[in-house]
Amino acid sequence: MERMQIKSLLSYGNSGQEVSVCGWVRTRRESKGIAFIALNDGSTQDTLQLVIAGTSPAFRKLTLCNTGAAIKATGVLKDSPAQGQKFEVEVSGIEVFGDADPASYPLQKKGHTLEFLREIGHLRPRTNTFGAVFRVRNILAHAVHEFFQGKGFIWVHTPIITSSDCEGAGDMFTVTALDPEKLSKDCRGVDFSQDFFGRRAFLTVSGQLEAEFLAMSMGDVYTFGPTFRAENSNTSRHLSEFWMIEPEMAFADLKDDMQLAEEFVRFLCVRVLEKGEGEIAFLDKFYKNTSIAGLKELSEKPFLHISYSDAIRELDKATEKFEFPVKWGLDLQSEHERYLTDKVFRGPVIVTDYPEKIKAFYMRLNDDGKTVAAMDVLVPGIGEIMGGSQREERLEVLMERMQQMQVPREGLEWYLDLRRYGSAPHAGFGLGFERLVQYITGMHNIRDVIPCPRAPQTIKF
RNA sequence: UCCCGGGUAGCUCAGCCGGCAGAGCAGGUGGCUGUUAACCACCCUGUCGGGGGUUCGAAUCCCUCCCCGGGAGCCA
């Protein structure tokens with residue numbers, strides 16, 4: 001089928017050229033002798049204006065060209081005499097692939113709430129908002145690979161089904177081929193040796209441990225894939241299924257890690273500005289939670305750094321009343337993170353060197369014996385967007401931390417092997433892809449930045 | 001899981017100290033030769049989230065369940 005994407009037509013088209021475009025009708029405006037259709041094909045934020053003269057045979061087909069109808073239009077591209085668009089198509093023929101009954105089609109020629117659109121997830125990508133968000137998501141996904149590949153990182157594919165139940169990153173989904181009818185809810189008494197893998201298996205909560213052994217052989221690697229958490233989290237920033245990016249670098253320390261994280265976010269902003277200006281401009285206009293100027297600033301301004309201990313001192317000085325106590329040794333609460341990003345630093349901030357007791361066993365113990373070489377990247381509006389660390393490469397220290405934190409060695413001997421044979425300093429971080437998309441697009445609810453959100457009691461589509 | 005706030009026409013919402021269920025938009029019909037979420041006129045639209053209770057009478061008061069949103073915890 002001969003067709004041109006509206007995006008390339010608007011960028012590279014020439015007046016007078018014969019064109020053929022396919023898409024979905026956004027609006028139709030008609031009077032007795034002339035009609036206009038705004039056509040969108042998903043390739044770009046912009047619609048293409050179709051002009052149908054009353055004398056054209058295509059005019060009779062207009063009754064089927066209601067909002068939502070899929071059509072093909074052929075005609076001649078012309079410079080538009082009216083304001084609002086560069087080009088328009090003087091239509092000679094229309095083919096209707098599928099009409100959309102205006103009495104029942106849920107999308108109207110007006111704004112809908114995001115809550116309503118969540119109920120019609122199969123149709124919401126046809127709206128300006130979700131078209132914009134999903135195109136930005138694509139720009140970001142592509143830029144992730146571009147960034148790492150450009151730096152010589154190797155994309156590695158860590159498993160989705162894992163036997164490792166001790167990653168400490170939260171509740172996991174069990175994967176089983178056993179008859180569900182015969183399983184009790186808490187899996188008590190289930191003999192997983194009779195299961196498909198001969199032992200209990202889970203959906204991964206992180207590819208980090210596996211990425212570590214790939215880094216300890218291939219140098220610089222990254223993962224980018226789906227991740228699962230079975231936590232009963234009901235918030236605007238949690239999903240049960242989300243995409244995570246986890247770079248892991250051999251021969252690297254926390255400083256290298258922080259530098260990579262910062263460079264990474266800045267690069268992504270640059271690409272969105274280059275390729276998604278129309279999308280960001282639209283989101284800015286309707287929601288005002290993102291802007292081209294804001295992303296430009298983010299792409300240029302260095303992130304601020306503060307140690308956990310200094311952050312505690314900063315919070316101590318605050319005149320603001322906090323619900324949760326501020327005390328060295330306690331984790332930062334949402335309200336504390338928000339205070340740091342929104343009031344103190346007014347932008348992204350990297351908090352480093354957390355107390356060892358509140359961080360994972362694999363994080364490298366600092367020389368003070370009290371803190372670990374960890375970093376969290378906090379951003380306004382969302383909070384933690386990345387978490388990373390230098391990994392503990394010293395066998396003795398690692399085993400001692402595992403013992404203290406009651407992490408069983410069983411099943412992790414391979415992880416310890418990496419410290420027995422050719423161990424080296426290494427570091428990495430995890431970035432929640434949807435939180436990144438949220439931050440860049442300014443969408444408040446994480447369920448609006450992924451086509452099919454999975455959350456407790458939510459698995460439609 | 002906890003704490004708040006909601007659920008009334010296809011959508012957004014008013015009505016809530018009990019007394020005939022409403023508006024705007026959408027949709028339909030007609031009009032209009034350059035519109036931009038077109039405009040103008042007329043018309044249509046209901047399991048008031050489900051169940052139970054109080055009452056002569058419940059969208060409105062009480063109980064309960066379900067769903068949605070915001071916040072918190074867990075985290076990315």
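Reminder, nothing fancy here: chain letters follow the sequence lines and each chain counts from 1. These numbers come from the heavy atoms of this one structure, side chains and all, not from hydrogens, waters or symmetry mates. Everything numeric here is computed off the predicted structure, so don't read it as measured data.
Contact annotation: A:Arg435 side-chain N/O to B:C75 OP1/OP2 distance is not under 4.0 Å.
Residue contacts for A:Gln49: at a heavy-atom cut-off of 4.0 Å it reaches a base atom on one of the strands shown. In this structure, A:Gln333 reaches the sugar-phosphate backbone alone: every heavy-atom distance under 4.0 Å involves primed, P, OP1 or OP2 atoms, never a base. Residue contacts for A:Arg237: at a heavy-atom cut-off of 4.0 Å it reaches a base atom on one of the strands shown. Counting non-hydrogen atoms under 4.0 angstrom, A:Glu434 reaches nothing in the nucleic acid. Backbone-only contact: A:Thr113 has heavy atoms under 4.0 Å from sugar-phosphate atoms and none from a base. Using a 4.0 Å heavy-atom cutoff across all strands shown, A:Glu88 reaches at least one base atom of the nucleic acid. Within 4.0 Å of A:Gly111, counting heavy atoms only, lies at least one base atom of the nucleic acid. The residue A:Ser31 sits close to a base: some heavy atom pair falls under 4.0 Å.
A salt bridge does not link A:Asp316 to A:Lys327: none of the charged nitrogens lies less than 4.0 Å from a carboxylate oxygen. Between A:Lys78 and A:Glu90, at least one side-chain nitrogen of the basic residue sits less than 4.0 Å from a carboxylate oxygen of the acidic one, meeting the salt-bridge criterion.
When both distances must be under 3.5 Å, the Watson-Crick or G-U wobble mate of B:A72 is B:U1. For B:A41, the paired nucleotide is B:U29, the pair qualifying as Watson-Crick or G-U wobble because both relevant distances are below 3.5 Å.
When the C1' atom of B:G10 is taken as reference, atom CD1 of A:Ile120 falls 11 Å away, rounded to whole Å.
Side-chain contact annotation: A:Asn66 with A:Asp99, donor-acceptor N/O pair under 3.5 Å absent. If you check the side chains of A:Arg229 and A:Thr227, you find no donor sitting under 3.5 Å from an acceptor.
B:A76 has A:Phe242 stacked on its base ring, the centres lying under 5.5 angstrom apart and the planes within 30 degrees of parallel.
Listed nucleotides: B:C74, B:G34, B:G69. Nearest to the side chain of A:Glu115: B:G69. Out of B:A72, B:C68, B:A76, the shortest distance to the side chain of A:Thr458 is found at B:C68. The side chain of A:Arg229 approaches B:A76 more closely than any other nucleotide in the set B:A76, B:G34, B:A72.
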Whether each nucleotide of nucleotides 22-30 of chain B has a protein heavy atom under 4.0 Å at its base (B), only at its sugar-phosphate (S) or at neither (-) is summarised, 5' to 3', as --BBSSS--
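For A:Arg401 (side chain) and A:Met363 (main-chain N/O), a donor-acceptor pair under 3.5 Å exists by modelled atom type.
With hydrogens and angles ignored, no donor-acceptor pair closer than 3.5 Å exists between the side chain of A:Ser233 and the base of B:C75. For B:U35, the base has no donor-acceptor partner in the side chain of A:Glu30 [N/O atoms by modelled type, under 3.5 angstrom]. In terms of polar N and O atoms assigned as donor or acceptor, the side chain of A:His112 never comes within less than 3.5 Å of the base of B:C11 in a complementary pairing.
Listed by first and then second residue, the ring-ring contact (aromatic ring centres under 6.0 Å, His included) pairs that reach into residues 103-127 of chain A are A:His112-A:Phe116, A:His122-A:Phe461, sequence neighbours excluded.
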Stepwise side-chain contact (heavy atoms from CB on, under 4.5 Å) check, A:Thr127 with A:Leu107: CA-CA 8 Å; A:Thr127 63; A:Leu107 293 174; 3.8 Å; yes
